[in-house]
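See below for the structure under consideration.
Note that the coordinates shown come from a computational prediction; the quantities given were computed from them, not determined experimentally. All residue numbers in this chain count up from 1 along the given sequence.
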Amino acid sequence: FGTMSLSNIIEVTAISFELKDFGVDAGASASTQTCTLVLKVTDQEFCTSKKQGLEGTWNEVFKFTCDGDSTQILSLSFRRNGVQLGETASLSLSLNASSEGKVVHECPVPGGGFTVGVCIAPNTSAMNGQSTAQNEEPVVFCDSFEGHEACVSGLVMYNGTLFSAGMDEHIYSWSPKDGSRLQSLEGHTDAVHCAMLHGDILITGSDDKTIRFWDLRTSECIHVLRGHSDGVNAVAVRGKQLFSASDDTTVKIWDLETFEETHSLQGHLDWASGIAFWREFMISCSDDGTLRVWDLESYECKEVIPVASHDLADEADTPHYLTVDGDNLYVAVGPHILVWAIKEGPELVPTIACKDHTDDVRMVIVNAPAGSIYSCADDGTVKVWAKETGQHVNTFEGHTDEVFCLCLSGNNLYSGAQGGQILRWQLMA
C-alpha cells in the first residue's frame, strides 16, 4: 500500500484501514481505502498520519499527548462518520475527532489492567442484546454556541436552524453546521422564559408579561398577547387553544383564531410553572408544591395532588417542569424526576423516580423510541435515564453553570445554560 520513513519516530503503535464507501465489500480496491498510522514520537507524544489510496502521500492529521509514564496507543477503529476511537493502556477509552484530535469522551475500562484492542460494532444498539438506552454512549461534545449574555431558557429546532430564547431579552437563531449566529428576533423587553414551536410559528413567553408569536418564515412578530399580571413561565398548544402558565399563579387559555383570552384557571397558590396534556385534561404544576388536573370541557379543577405524596419524593421539594408521554406523567421535582402512571378518572399513581442529580432539575425530555429520558439541572449536568426503570445511564458534563433547557433533534441533543452557553452533543446510538 505504501512505505514511510520512520526518521524521528520511535515506533508505529497502531494501524487501521478506513473505507471511503462503507457499502463496498472487504475486497474493495485499495484506491478507495485510507490507511491511518499512530506514530510514537516521544514517550508521551503521538501523532497520526494518513494516506489515501495507492497514489496518495502520507500526511500528518493531528498530534496529541497521553498522560502517564507508560501510556501507549495500542489500537484504533473507525465509525462511519469518521470519528476515530483510540485505545490506550492508561485504563481508558478515548474518542478522538479525526479532524482535530481532541479527546471528547473517556470511559474507564472495567476491571482495570491493560487493554490491547478495540472495535466498534456496526450497530452499537444491538450489542450484548441490551436496549438502546443502555448503549447510547459514548456521547460526543460537538459545538459551543456563544452569544447570549444571560441564561438560555428555551431551545427549538426549525428547518435545520436552532432558535434560542434568553433571559437577556433576546431570541437568536444559529447554524448547527458551524455554530454561527444568524439573526436576532427583538421585541421582548424583559427576560424570555419559554419558547415552543407551533408549525412555522415560534411562541415565546417573557417576564414582560407578554406572549409573542414569531413567523419564522419572515422573522417578524405577528401577534402579542397581553393579559397576565406577571411573567410567563410556560406555553403549550392544544388544538386551537394556547395555554400559558404565569408567576401570577394563573393558567390562561387563548383562542388561536381570535387571539383573545377565553379562560383564566385559578387555584394555584404560587407561581404556575408547567403545563402538559392527557386526553381531555390539562395538568399544571406550581411552586406551591402541587399538581392540578383540569377538565378541559368544564375548565374545573378535578384534583389537587401534592408532589410530596409520591412515594419517592422529598417533602420540601417543589415542581419546576412536567411532560406527558403516553400514559405517564414526568415531573421535575427538586433534584429528582418523579413519574406517575395516569389511570382513568384521571388518577395519578406514583411509579418510579430518577434520582442522581444533586440540584434542581429544570427540564425533562422523553425519547420513547430510544427508551430514554434526558434531563438537565442546576448541578451543571445533562443526564440520561432508562425510561422503563428510571435507572441512571450516563452523565454529560461540559457546562460550567446551571443547565436550564434541552432540545432533541435527530441524534443531536442541545443544552442551554445559565451563563448563556449552548452545547451540542452528538448521541451515538
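- For Asp314, the side-chain hydrogen bond (donor to acceptor under 3.5 Å, both in side chains) criterion is met by His336, not counting sequence neighbours.
- In terms of heavy atoms, Cys285 sits closest to Leu322 at SG-CD2, 3.5 Å.
- Put simply, the side chain of Arg212 never gets that close to the backbone of Ile203: no donor and acceptor are under 3.5 Å apart.
- Considering only heavy atoms from C-beta on, Arg292 stays 4.5 Å or farther from Ile283 through its side chain.
- Summarising the geometry of His268 relative to Ala272, their closest heavy-atom pair is CD2-CB, 4.3 Å, with the distance given to 0.1 Å.
- Residues Asp317 and Leu338 form no side-chain contact, since every pair of their non-hydrogen atoms from C-beta on lies 4.5 Å or further apart.
- Ion pairing between Lys209 and Asp230 fails under the 4.0 Å rule for side-chain N and carboxylate O.
- His193 places none of its side-chain heavy atoms less than 4.5 Å from the side chain of Val232.
- Shortest non-hydrogen contact noted between Ala332 and Val361 is CB-O, 3.5 Å.
- His223 contributes no side-chain N or O that, together with a main-chain N or O of Leu225, makes up a donor-acceptor pair within less than 3.5 Å.
- Partner Met363 forms a side-chain contact (heavy atoms from CB on, under 4.5 Å) with one of Tyr321, Tyr374, Phe404 and no other, that one being Tyr321.
- In this structure, Leu202 and Val156 have side chains that are in contact, with non-hydrogen atoms separated by less than 4.5 Å.
- Minimum heavy-atom separation, Ser375 to Ile337: CB-CD1, 3.6 Å.
- No donor-acceptor pair under 3.5 Å is formed between the side chain of Ser284 and the backbone N or O of Gly274.
- For Gln241, the side-chain contact (heavy atoms from CB on, under 4.5 Å) test picks out Phe243, Ile253, Tyr299, with sequence neighbours left out.
- Taking the side-chain contact (heavy atoms from CB on, under 4.5 Å) definition, one finds that Trp271 meets it with Asn233, Asp247, Asp287, sequence neighbours left out.
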Criterion side chain to side chain contact (heavy atoms under 4.5 Å, CB included) on Leu329 and Thr323, from CA distance to verdict: CA-CA 6 Å; Leu329 173 68; Thr323 186; over 6 Å; no
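- Nearest heavy-atom pair across Arg424 and Pro176 is NH2-O, 3.5 Å.
- Judged by distance alone, with hydrogens and angles left aside, the side-chain atoms of Ser286 form a donor-acceptor pair with the main-chain N or O of Asp288 at under 3.5 Å.
- Panel note: side chain Thr351, backbone Val339; a donor-acceptor pair is recorded below 3.5 Å.
- Counting all heavy atoms, side chain and backbone alike, Leu312 lies closest to Lys355 at O-NZ, 2.7 Å.
- Taking 4.5 Å as the limit, every side-chain heavy atom of Val224 sits out of range of all side-chain heavy atoms of Ile211.
- There is a side-chain donor-acceptor pair under 3.5 Å between Trp214 and Thr204.
- Side-chain contact of Ser144 with Glu146: a donor-acceptor pair under 3.5 Å is present, judged by distance alone.
- Applying the side chain to side chain donor-acceptor pair (under 3.5 Å) test to residues at least two apart or on different chains, the pairs with a partner in residues 153-163 are Tyr158-Asp200.
- In this structure, a donor-acceptor pair under 3.5 Å is present between the side chains of Trp425 and Ser415.
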Verdict with reasoning, Arg279 to Glu344, per salt bridge (charged side-chain N to carboxylate O under 4.0 Å, His left out): CA-CA 10 Å; Arg279 300 184 185 177; Glu344 291 292 341; 2.3 Å; yes
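- Checked by atom type and distance alone, the side chain of Asp208 pairs as donor or acceptor with a backbone atom of Thr189 at under 3.5 Å.
- Applying the ring-ring contact (aromatic ring centres under 6.0 Å, His included) rule to Trp340 yields the partners His310; only residues at least two apart in sequence or on another chain are considered.
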CA sep, side-chain torsions, deciding dist, call: Phe213, Phe259, ring-ring contact (aromatic ring centres under 6.0 Å, His included): CA-CA 10 Å; Phe213 293 71; Phe259 295 98; 5.2 Å; yes
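- When atom types are taken as modelled, the side chain of Asp359 and the backbone of Asp379 share no donor-acceptor pair closer than 3.5 angstrom.
- Checking side-chain atoms of Asp255 against main-chain N and O of Glu260 turns up no donor-acceptor pair under 3.5 Å.
- Asp325 has a carboxylate O that lies under 4.0 Å from a charged side-chain N of Lys387, or vice versa, which qualifies the two as a salt bridge.
- Ionic pairing of Asp356 and Lys383 is present here: one or more N-O contacts between side-chain nitrogen and carboxylate oxygen are shorter than 4.0 angstrom.
- With hydrogens and angles left out, the side-chain atoms of Ser264 and Lys252 include a donor and acceptor closer than 3.5 Å.
- No side-chain heavy atom of Val403 sits less than 4.5 Å from a side-chain heavy atom of Thr381.
- Remark: His170 pairs with Tyr172 by the ring-ring contact (aromatic ring centres under 6.0 Å, His included) rule, at least two apart or across chains.
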Derivation of the side-chain hydrogen bond (donor to acceptor under 3.5 Å, both in side chains) call for Trp254 and Ser244: CA-CA 8 Å; Trp254 312 79; Ser244 56; 2.9 Å; yes
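- The existence of a salt bridge linking Arg238 and Glu280 is excluded, since no basic side-chain nitrogen approaches an acidic carboxylate oxygen closer than 4.0 Å.
- Side-chain contact between Asp360 and His357 is absent, with no heavy-atom pair separated by less than 4.5 Å.
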